[in-house]
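Okay, structure first, notes after.
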Amino acid sequence: MLESRRFVIIGFFALVGLIYLLRLFYLQVLDESYSIESSSNSIKRVIEIPFRGQIYDRTGKLIVYNTPVYDLLVTPYKARVDDTLRFCQVLGIERRDFDSLMNAASAYSRVKPSLFLRQLSKEDFASIQDIMVDYSGFEFAKSSLRTYTAPTLANTLGYVSEITRGQLEKQEEPYYRQSDYIGQSGVEKIYENELRGKRGTKFVMQNVAGVYKGPWKGGELDTMAVAGANLYSGIDLEVQQYADSLMVNKVGSVVAIEPKTGQIISMVSAPTYDPNILASRYFSKNYAALARNPYKPLFNRPVMASYRPGSTFKLIQALIGLQEGVITPESGFTHANCPVGCHNHPATGTVALGVMHSCNPYFYNVFRRIIYKNNIQNTFKASAVGLDAWHDAISKFGIGQRLGIDLPSEYKGNLPNKKYYDRFYGEYRWKFSNIYSLSIGEGELLITPLKMANVAAIIANKGYFYTPHVIHGIGDAKKVNPDFLVRHDTGVESHNFDPVIEGMIGAVEGGTARRSRVEGITIAGKTGTSQNKRGDDHSIFIAFAPVENPKIAIAVFVENAGAGGSAAAPIANLIIEKYLTRKITNKALEERMFKADLMSKVILPGQKKPISADSLKKKLISADSLKKKAVSKPVTPPKKQ
């Protein structure tokens, strides 16, 4: 018995010893990482950053691509700069910049390489690479610069910049390192995971002086960097640039949507800037300059700005009234006992005429019937119940909520309900006479330009919409986000749209937008004038065309431009014609819109009157002058990466 136990104990220790020997053999012979770590003085691990995915427009034109550049890295404890002045002259920097960059690198790590100077062009690299051999501790790394084929879509595309400390700490997976670039806004932010690609790793041999001696083990352990997925947008670059030109010297927005898909055709936030100025090593200075601009070019107005919809909201009132059965297409109203004024137009004995002439008393009465469509005798309770029912019907048009567009910071706006007014007046202490301004799109209603473009798409589709989106395809397979394929129904039957569309056609052909109609294209549109306490009212116009087979729905907002027919309608109809025909027939109207300087009418926060022309020039940021500071000269856009 004792003898058998001895063999068991000996066998146990022999097994343990064998395990240790096998582990040691694996670490020293089979495991390459051990070999690499033990040879850290001669083998270097190099991380390869992949190209970000490119972005294309709906016709296949390239919008965003990558220009190869070089970053200069420094390892502080190895750095030797005997002649600082000459070093600064070689790199084209000031002495104070040198001190600041070296201090930042040392604060990060004295033994690890970190960024010293970013985005040197091929020409810059070629001119200094031989000279930099004299300065130990410095090395080059390949990188890329985001480059834009046209100075447009700055807020929609967004920008990339160095990752912040907070973003580094919050990342769920350890992907990013200090000095890495990451999408910070727009499409670049929303599709960051798709655009960034997959990093590669190379192991290279070097001598004690850091001179490259070739790949380790012939590159056996290397992994290739994989470029990010390309994105395919619904943007029409030609139309986008045309819309930009029409919005020069104006403050406002343009949003154009393809009704049948929800794809964004054009999105203008004015004033804008050239996105190339935020894609250079001067990012911080240029960003600060844009942030100081009093007209807020960094503010993405199509999805973030809020306005009262004005008379454009009457379209939804008519549709809800028809669906609820409180009016018929032949309903007419007098102006008697109506607290909202009329525009001195012909009689409005039908829904179509009410829309065509944008009759305020007509839609006051429609709204009143909607609110009081119940059997409650108490006026206060009837108003509260009616408003909530109205709120639920309106919300199906995407009003008062986020639509879910693939852009960050979408504002949901405001669609008041019973609880909203209870906070101001108290429960059952308000009634229709307190809220009737909602009937004509004023009062507490707040919408974004995106939402009104979507309303135009709903009417074009006669009752439904798809979530508006910039990107419709991801990668070579052009994968579609399934959320963008979901049809959203408003609950309004298609036949109820006919009298409303008839009125919209009338508004363009002979009503409030008649001065900007387009020969040969049947456009259904509606003007709006959004009340504004600071200066002139805002000009609004929504439309879709052609009526027989809608291909574009559009909303245009021009701040402080007055009536909808004066500025917004001409711009919208010119864009419609450009998209559908690729030409412009009304050259006089086009020239007038090109020359219209409406920015001088805008009263900025903190101001009592518009800024004078001289002061305006001093406050505005010249994108062209900022762009000249960019280091890299763009190359011819590549077809593939």
Side-chain angles (χ1 to χ4, degrees), residues 234 253-267 302-303 307 309-324 329 351-352 355 363 366 370 390-405 410 412-413 415 441 445-469 483-505 507-508 522-528 540-557 572 576:
S253 305
V254 174
V255 181
I257 301 174
E258 184 177 63
K260 289 181 174 63
T261 64
Q263 293 178 23
I264 300 292
I265 297 168
S266 175
M267 182 172 278
V303 298
Y307 308 86
S311 293
T312 57
F313 193 74
K314 294 171 182 176
L315 301 173
I316 305 179
Q317 298 282 37
L319 291 167
I320 299 302
L322 289 165
Q323 181 63 31
E324 293 296 318
V351 168
V355 170
F363 291 97
V366 171
I370 294 172
W390 171 86
H391 174 279
D392 292 345
I394 299 292
S395 65
K396 292 179 180 178
F397 284 76
I399 308 299
Q401 58 188 287
R402 293 179 181 86
L403 292 174
I405 188 174
E410 181 191 357
K412 70 177 183 179
L415 179 62
L445 274 171
L446 287 176
I447 52 86
T448 62
L450 172 68
K451 286 185 175 64
M452 289 316 298
N454 192 54
V455 168
I458 289 171
I459 299 173
N461 291 333
K462 294 190 175 182
Y464 66 90
F465 69 95
Y466 292 96
T467 300
H469 53 283
D483 293 341
F484 299 152
L485 300 177
V486 177
R487 172 170 158 162
H488 304 279
D489 288 292
T490 61
V492 177
E493 296 173 34
S494 61
H495 65 87
N496 287 322
F497 287 83
D498 294 335
V500 172
I501 293 173
E502 181 186 344
M504 293 174 71
I505 295 171
V508 176
T522 306
I523 299 174
K526 181 72 188 75
T527 56
I540 306 175
F541 185 68
I542 70 171
F544 67 89
V547 171
E548 308 80 31
N549 180 24
K551 295 180 180 178
I552 181 173
I554 191 169
V556 175
F557 286 62
I576 287 173

* Assess whether side-chain contact (heavy atoms from CB on, under 4.5 Å) is satisfied between V303 and L403, documenting all intermediate values. => CA-CA 10 Å; V303 298; L403 292 174; over 6 Å; no

* Structure fact -> Residues I370 and G321: closest non-hydrogen pair is CD1-N, 3.8 Å

* To do: Begin from the C-alpha positions of K462 and D498 and carry the test side-chain contact (heavy atoms from CB on, under 4.5 Å) through to its verdict.
  => CA-CA 8 Å; K462 294 190 175 182; D498 294 335; 2.8 Å; yes

* To do: Would you please classify the geometry between the F557 ring and the Y307 ring as parallel, tilted or perpendicular, with 30° and 60° separating the classes?
  => tilted

* To do: Report the distance from atom CD1 of I542 to atom NZ of K526, rounding to the nearest 0.5 Å.
  => 8.5 Å

* To do: For the pair L322 and V500, evaluate side-chain contact (heavy atoms from CB on, under 4.5 Å) and give the outcome as yes or no after the intermediate values.
  => CA-CA 10 Å; L322 289 165; V500 172; 4.2 Å; yes

* Asked: Do you see a donor-acceptor pair shorter than 3.5 Å between the side chains of E548 and T522?
  -> yes

* **L315 side, atom CG; M504 side, atom CE - distance, nearest 0.5 Å** => 5.0 Å

* Of the non-hydrogen atoms in T490 and F497, which two are nearest, and what is the gap between them? -> OG1-CZ, 4.3 Å

* Within a reach of under 6.0 Å around NZ of K260, are more than 12 heavy atoms found that belong to other residues, nucleotides or ligands? -> yes

* To do: Go through I257 and F465 one step at a time and tell me if the side-chain contact (heavy atoms from CB on, under 4.5 Å) criterion holds.
  => CA-CA 10 Å; I257 301 174; F465 69 95; over 6 Å; no

* **Sub-4.5 Å side-chain heavy-atom contact between V486 and T467** => no

